[in-house]
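Step one of this worksheet: look at the structure below.
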Amino acid sequence: MHLRKVRIEDTSISYIVGVGLFLVGCCVALKYYRSEARKLSHIPSVGNQSTFFGSLNLKFEGRSTLIEGSKLHKGLFKVPERHSWVVLTGNRSLMEDIRRAPENVLSARRFFEYLLQAPYTFGSQTLRNDYHHHLIRGIFTKSIPLLITDIHVELKEAFDELIPLSEEWSPLHLSNGPAMQLVGRAINRSFVGEPLCRNLEYIASNVACATDVMKTAVLLRRLPLFLKPLVGFFVSNLPELLEKNKEFTVPIIQERRQAMQEKGSEYEGKPSDFLSWLMEIAEGNDAKDEELAVRILLLNLAASHTTSRTFVHVVYHLAANPRFQELLRTEVDEIVERDGWTKSALDDMVIVDSFIKECLRLHPGGHTAIPRIALQDFTFSNGQTIPKGTTVCASIHATHLDEEIYPDPYKFDPLRFVNMAAKEDQHDDVGGKYHGRNRYDITSTNLDALVFGYGKHACPGRFFAAAVIKLMVAHVVTHYDVKFEKEGVRPSDISCGLKLTPNPSVPVFFRKRRQGAKEVSS
Ligand code: HEM
């Protein structure tokens, strides 16, 4: 009897273990069946195959890995990014396929929602309703010539406060805060006007919100769907930060509403800035004070890091090469003496333009461009297919570092785009194919210049960004000498996943300009 019981227990234990193993096996098989790795197995991968080691590989050798990918694979290839896979291409025709695909097939919007983990940070609704993009493309961009004077005044004050003109060299960790403050003041002069644009707590609040969103999003992107709301709740401080941020903007909105009620919609002294224009066109829920405040914050999110990062890259190149400072200031001195600080003066600064564009070519914000998420299976013109849900983009280095387009592509050539435009003009003279000089301006977007994206989602703020960065760079070369401690050595960029940022650990030394200093009109 006793023996029989033992046998039964033995049998049931092996039975339970067997069923357990079977279920685990089913789960593993199901996980693999549903995994990106299986669905994308037909697309060749580059670098290490494990998502963990592959991501490390991307971190330390992102640029070379993606260049290798474009060279080895003429179609699509994939790389692991942290927890998942990203499909890329360096093929121009396939990049055009991405550009041409409609939003309901390859979605830019869905990518940004994923990037910012919108449902758990800002909320998808705010992001999906992008009526403010039309405003940026329309009246805001058209008004740049009128906005320039105020931005210049704001920048001058900001520079004087943050980097006082001194006869001695003073070190400054530019990328850690000063660049964001300079840019924050400049752009907010046109977004919300004074005095809010120079309220340092407001500028810091914008930066804090952006940092919190990015930090939270990086974490949430790795988690399964069911954990995101819970973890987001504990990790993010965004709700409090947003409330704090609204305390700066909402009173200004209410003041303007009151002025309009009392003195009419076009009252004397009505500020000409983005907030005023936004209040004019917002409707329904979007017109609520708090919604308007969040939209201004979103605009800051899109504009501030991108612009300040570019400014830092430019200053780093100037600091590493004192002769470049001479090159730019010769141009700026002459033009400003003639035209003052105007939009047409900025347009004439073709060397400054070329210099900044060359920085953007070599130091884009990341290794990729035109990122999209497939909302349905998509077949490229070469016959390769990606399944629904795949993140796909262009490898930016494939064109930015293509020696057929840019001879000696790794060399920083400040006059590269001036010379390319001049060649184009010669072509025009002899009846060659003429693209127009504008093709070589900072703001031009095409397959060879992908830093602002390309196609219908290309950055609508790029004309404004270009004007602000030009003003900042022109101000630096006309007022300061800059250098690094070790002459000629520019710190390498930091690569983090698919992102690229200037190295923040090295200070730039500033001193009042000595060489050829002259009184430039302020
Ligand atoms: C150097 C500075 C800047 C860089 C490098 C930059 C870059 C970009 C890039 C790469 C995109 C995505 C394009 C795509 O998906 O194909 C983008 C989108 C956007 N940018 Fe910028 N940007 C800069 C400055 C600004 C500024 C100053 C503003 C606002 C005035 C702005 C507003 C936007 C907006 C609203 C979008 C979303 C466009 C859409 O999805 O249709 N950006 N930007």
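Predicted, not measured: the structure shown is a model, and the values here were computed from it. Every number for a ligand or one of its atoms is a count from 1 in the order of the listing. Heavy atoms only: backbone and side chains are in, while hydrogens, waters and symmetry mates are out.
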| request: Mind checking whether Ile469 contacts ligand 1 via backbone (N, CA, C, O), side chain (CB onward), both or neither, at a 4.0 Å heavy-atom cut-off? | output: side chain
| ligand 1 atoms in contact with Gly453 (distance to a heavy atom under 4.0 Å) | 10 (C), 13 (C), 16 (O)
| said: With respect to His457, determine whether any N or O atom, backbone or side chain, lies less than 3.5 Å from an N or O atom of ligand 1. | reply: yes
| Hey, which atoms in ligand 1 end up nearer than 4.0 Å to a heavy atom of Arg137? | 41 (O)
| field | 4.5 Å side-chain heavy-atom contact, Leu471 and Leu346 | value | yes
| query | What do you reckon, does His133 put a non-hydrogen atom under 4.0 Å from ligand 1? | reply | yes
| request: Enumerate the atoms of ligand 1 whose separation from the nearest heavy atom of Arg372 is less than 4.0 angstrom. | output: 14 (C), 15 (O), 16 (O)
| message | If the contact criterion is a heavy-atom separation under 4.0 Å, does Phe112 count as touching ligand 1? | response | yes
| message | Before we go on, tell me: are the rings of Tyr114 and Phe112 under 6.0 Å apart, centre to centre? | response | no
| message | Name the residue from Arg189, Arg185, Arg198 that meets the salt bridge (charged side-chain N to carboxylate O under 4.0 Å, His left out) definition with Asp150. | response | Arg189
| For ligand 1, which atoms, with element, lie under 4.0 Å from some heavy atom of Thr310? | 1 (C)
| request: Within a distance under 4.0 Å of any heavy atom of Ala465, pick out the atoms of ligand 1 and give their elements. | output: 2 (C), 24 (C), 27 (C)
| field | Given Arg295, Arg257, Lys246, the one that forms salt bridge (charged side-chain N to carboxylate O under 4.0 Å, His left out) with Asp289 | value | Arg257
| Would Asp130 count as a contact of ligand 1 if the rule is a heavy atom under 4.0 Å away? | no
| query | With no hydrogens and no angle check, is any side-chain donor or acceptor of Gln325 less than 3.5 Å from a backbone partner on Val482? | reply | yes
| query | Under a 4.0 Å heavy-atom limit, does Ala302 contact ligand 1 with its side chain, its backbone, both, or neither? | reply | both
| query | Is it true that Tyr316 and Phe412 have ring centroids separated by less than 6.0 Å? | reply | no
| request: Answer side chain, backbone, both or neither: which part of Ile136 comes under 4.0 Å from ligand 1, heavy atoms only. | output: side chain
| field | Main-chain N/O of Ile296 paired with Asn300 side-chain donor or acceptor, under 3.5 Å | value | yes
| When you look for heavy atoms under 4.0 Å from ligand 1, do you find them on the side chain of Thr307, its backbone, both, or neither? | both
| said: For Phe159 and Tyr480, take the angle between the two ring planes, folded into 0 to 90°, and tell me which bin it lands in: parallel under 30, tilted 30 to 60, perpendicular over 60. | reply: tilted
| task | Return the option from Pro460, Ser190, Cys459 holding the heavy atom at the smallest distance from atom 36 (C) of ligand 1. | result | Pro460
| note | In terms of heavy-atom contacts, Ala369 and Cys393 come closest through O-CB, 3.1 Å
| request: Could you go through the salt bridge (charged side-chain N to carboxylate O under 4.0 Å, His left out) check for Asp273 and Lys270 one step at a time? | output: CA-CA 9 Å; Asp273 57 26; Lys270 181 179 172 182; over 6 Å; no
| request: Using a 4.0 Å heavy-atom threshold (strictly under), name the region of Arg462 that reaches ligand 1: side chain, backbone, both or neither. | output: neither
